[in-house]
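Contents: one structure, followed by commentary.
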Amino acid sequence: MPYIKTPQKNEPLTRQLDVKSQKCGLRHTVYSPTGNEYTGEWQDNKKHGKGTQIWRTSGAIYNGEWKFGKYDGYGTYSELLPETNKYVRKYCGTWKNGKKHGEGTFSYSNSDVYEGEWSEGQRSGWGKIYYKNGDIYEGEWMRDKCHGQGIIQFANGNWYEGAWQYGKRNGDGKFYYSDKGQLYKGLWVDGVAKCGTLTDCGRDNAPMPTKYPIPKVLWMQS
């Protein structure tokens with residue numbers, strides 16, 4: 001049971017009223033001066049436990065766990081679309097200290113969808129993003145950027161697998177050109193191939209192969 005302080009009779013009336021107004025435990029809907037409303041649990045006059053917050057101006061809703069006034073634990077955040085008057089879920093997952101943290105799924109306004117790990121509100125760790133244009137990236141993230149090892153599959157059939165640094169291809173990696181049936185393996189710097197080898201790979205099934213196949217390298221023994 002939550003501890004609720006009882007006002008003393010010898011305290012000033014203003015103090016007694018202040019103690020009585022402290023929110024602790026389960027309460028019915030409480031309205032703020034701006035018209036926002038909260039229904040749920042409290043502790044020490046702060047939202048704490050499970051509860052639902054509705055913002056009057058935007059119509060957004062958060063439903064989930066709280067810790068001393070901030071989102072903390074598992075919860076969902078949804079926004080109201082004015083044109084349809086329907087709610088769309090923006091984020092579903094875990095929070096910490098009011099920010100996305102842990103595992104969760106976020107839907108962006110441009111229709112991109114990210115599923116994976118978060119740290120202090122940013123994509124960090126392992127995650128997968130589905131882009132609106134059909135591209136899909138799966139791999140490591142750091143501070144909202146592709147960073148580490150990952151693979152991106154392009155909607156046109158091409159793909160890249162290898163190292164990333166701050167959102168760009170950097171380090172060792174391989175890129176497959178589906179239209180020509182060729183595979184590049186080598187070094188990348190800031191998204192540009194710098195030094196590597198290009199070989200035929202699935203050339204017979206490629207829609208636009210090169211006129212002549214790449215000759216194979218033969219090693220001569222002395």
Side-chain angles (χ1 to χ4, degrees), residues 1-9 11 13-132 136-145:
M1 293 291 293
Y3 171 74
I4 302 177
K5 182 179 179 181
T6 303
Q8 302 298 317
K9 292 183 179 180
E11 290 182 337
L13 179 59
T14 55
R15 174 59 180 164
Q16 294 182 42
L17 293 175
D18 180 64
V19 172
K20 288 181 178 180
S21 67
Q22 294 295 304
K23 307 178 190 70
C24 192
L26 182 62
R27 289 255 178 162
H28 295 294
T29 302
V30 175
Y31 295 88
S32 69
T34 58
N36 301 335
E37 55 185 89
Y38 172 81
T39 305
E41 298 175 297
W42 298 79
Q43 183 173 320
D44 298 333
N45 212 36
K46 293 182 179 180
K47 304 178 185 73
H48 189 88
K50 295 183 179 180
T52 301
Q53 169 90 26
I54 303 176
W55 286 267
R56 178 185 178 184
T57 302
S58 64
I61 294 179
Y62 171 81
N63 180 39
E65 297 177 291
W66 299 74
K67 188 175 182 179
F68 298 115
K70 294 183 178 181
Y71 317 145
D72 203 295
Y74 185 84
T76 59
Y77 180 85
S78 304
E79 292 183 350
L80 182 65
L81 298 179
E83 57 273 17
T84 61
N85 203 34
K86 293 183 179 179
Y87 282 94
V88 58
R89 181 176 293 178
K90 298 295 293 182
Y91 178 77
C92 179
T94 55
W95 305 74
K96 184 178 181 180
N97 200 30
K99 296 180 180 180
K100 296 182 284 290
H101 193 90
E103 295 279 346
T105 300
F106 187 84
S107 300
Y108 294 86
S109 56
N110 63 355
S111 298
D112 295 345
V113 177
Y114 172 82
E115 302 173 347
E117 297 177 301
W118 299 79
S119 178
E120 296 184 348
Q122 295 182 321
R123 295 168 291 189
S124 290
W126 191 269
K128 188 174 186 178
I129 187 167
Y130 301 85
Y131 294 101
K132 181 181 179 180
I136 302 173
Y137 169 84
E138 182 174 10
E140 295 177 290
W141 295 76
M142 187 174 75
R143 298 178 182 175
D144 261 346
K145 302 288 186 181

List, one per line, each side-chain donor-acceptor pair under 3.5 Å for residues 80-89, sequence neighbours excluded.
{"residue": "Thr84", "atom": "OG1", "partner": "Lys86", "partner atom": "N", "Å": "3.4"}
{"residue": "Tyr87", "atom": "OH", "partner": "Gly59", "partner atom": "O", "Å": "3.0"}

**OP:** List the steps, then state whether side-chain contact (heavy atoms from CB on, under 4.5 Å) holds for Ser32 with Glu37.
**Re:** CA-CA 6 Å; Ser32 69; Glu37 55 185 89; over 6 Å; no
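Closest of all the heavy-atom pairs between Tyr114 and Gly127 is OH-CA, 3.5 Å. Closest of all the heavy-atom pairs between Lys67 and His48 is CA-ND1, 3.5 Å. The minimum heavy-atom distance linking Ile136 with Tyr131 is given by the pair N-CD1, 4.4 Å. A pairwise comparison of heavy atoms in Trp66 and Thr52 identifies NE1-N, 4.4 Å as the closest pair.
Not a single salt bridge (charged side-chain N to carboxylate O under 4.0 Å, His left out) links Asp112 to another residue, sequence neighbours left out.
Test Tyr77, Tyr71, Tyr38 against Tyr62 for ring-ring contact (aromatic ring centres under 6.0 Å, His included) and you get one pass: Tyr71. Exactly one of Trp126, Trp95, Tyr91 qualifies for a ring-ring contact (aromatic ring centres under 6.0 Å, His included) with Trp118. That residue is Tyr91.
Remark: Asp144 engages Arg123 in a salt bridge, criterion side-chain N to carboxylate O under 4.0 Å.
Cation-pi contact between Lys90 and Phe106: present, with separation from the ring centre below 6.0 Å and deviation from the ring axis of at most 45°.
Not one N or O on the side chain of Glu115 forms a donor-acceptor pair closer than 3.5 Å with the backbone of Thr105. Formation of a donor-acceptor pair under 3.5 Å by the Ser124 side chain with backbone atoms of Arg143 is found in this model. Side-chain atoms of Thr94 come within 3.5 Å of backbone atoms of Glu103 as a donor-acceptor pair (strictly under, hydrogens ignored). Asp72 places no side-chain N or O within 3.5 Å of a backbone atom of Lys96 that could act as its donor or acceptor partner.
Side-chain contact between Ser111 and Tyr130: absent, with no pair of heavy atoms (C-beta onward) separated by less than 4.5 Å.
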